[in-house]
K.L.:
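Have a look at the structure that comes next, please.
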Amino acid sequence: MRHLIIALSVFTAATPALAAPRYAPPPPMPGPDMERALNDPAMADQIGRVAGVLTKSLMNLPVGEIEAAIEGRPPTPYDRARTVRDEVGDPYLEQRVAAEAAQSGRTMQAAGRAMMSSLPAIMGALGQAQDAIERAVANMPSPTYPRR
């Protein structure tokens with residue numbers, strides 16, 4: 001009789017765990033606002049401007065102290081003043097950055113559109129990978145199982 005009561009309590013306690021989904025549902029697909037932004041030519045120009053400003057700011061990043069630290073020596077005043085721009089040493093850097101940034105906006109927009117169109121396939125593949133990993137982990141021996 002005791003075994004029956006224990007078995008019933010175990011089965012009823014495990015019911016909510018069995019009813020729970022195996023994994024969280026996928027996030028909702030991006031809506032029409034995202035598609036509109038990815039197809040808007042003004043967005044490509046804005047991305048290009050942002051990329052240009054980010055590149056210019058990275059060109060002003062100090063790198064001399066980092067180089068001195070890697071070489072294991074104390075930084076000199078010259079090291080403290082040296083930037084990425086100094087290391088590149090290109091007199092036409094600003095013009096090239098502006099041209100490449102304008103082009104990168106359109107490229108990044110096209111990459112975003114490609115990513116949006118492939119997102120359902122990526123989500124499906126991730127779900128299959130999760131199932132395969134769960135099956136592999138389920139077949140692994142328990143580290144608490146006694147060895148003979």
K.L.:
Which heavy atom in Asp86 sits nearest to a heavy atom in Ala81, and how many Å separate them?
P.N.:
OD2-O, 3.7 Å
K.L.:
If you compare all heavy atoms of Pro75 against all heavy atoms of Ala68, which two are closest, and at what distance to 0.1 Å?
P.N.:
CA-CB, 3.8 Å
K.L.:
Would you mind reporting whether Arg73 and Asp79 have side-chain heavy atoms less than 4.5 Å apart?
P.N.:
yes
K.L.:
Could you tell me which non-hydrogen atom of Pro120 sits nearest to which non-hydrogen atom of Ser117, and how far apart they are?
P.N.:
CD-O, 3.7 Å
K.L.:
Measure the CZ-CD distance between Arg135 and Gln130 for me, rounded to the nearest 0.5 Å.
P.N.:
11.0 Å
K.L.:
Restricting to side chain to side chain contact (heavy atoms under 4.5 Å, CB included), what partner residues turn up for Val63, sequence neighbours left out?
P.N.:
Val84, Glu87
K.L.:
Indicate whether the side chain of Ser57 and that of Asn60 have a donor and an acceptor atom separated by less than 3.5 Å.
P.N.:
no
K.L.:
Which ILVMFWY residues are connected to Tyr92, directly or by a chain of links, through side-chain heavy atoms under 4.5 Å apart?
P.N.:
none
K.L.:
I need the Leu58 CG to Thr83 OG1 distance, nearest 0.5 Å.
P.N.:
11.5 Å
K.L.:
Please assess Glu65 against Arg82 for the test salt bridge (Lys or Arg N to Asp or Glu O under 4.0 Å), listing each intermediate value before the final yes or no.
P.N.:
CA-CA 8 Å; Glu65 290 186 63; Arg82 205 168 62 221; over 6 Å; no
K.L.:
Hydrophobic clusters join Ile, Leu, Val, Met, Phe, Trp and Tyr when side-chain heavy atoms are under 4.5 Å apart, directly or via other members; which others share one with Tyr78?
P.N.:
none
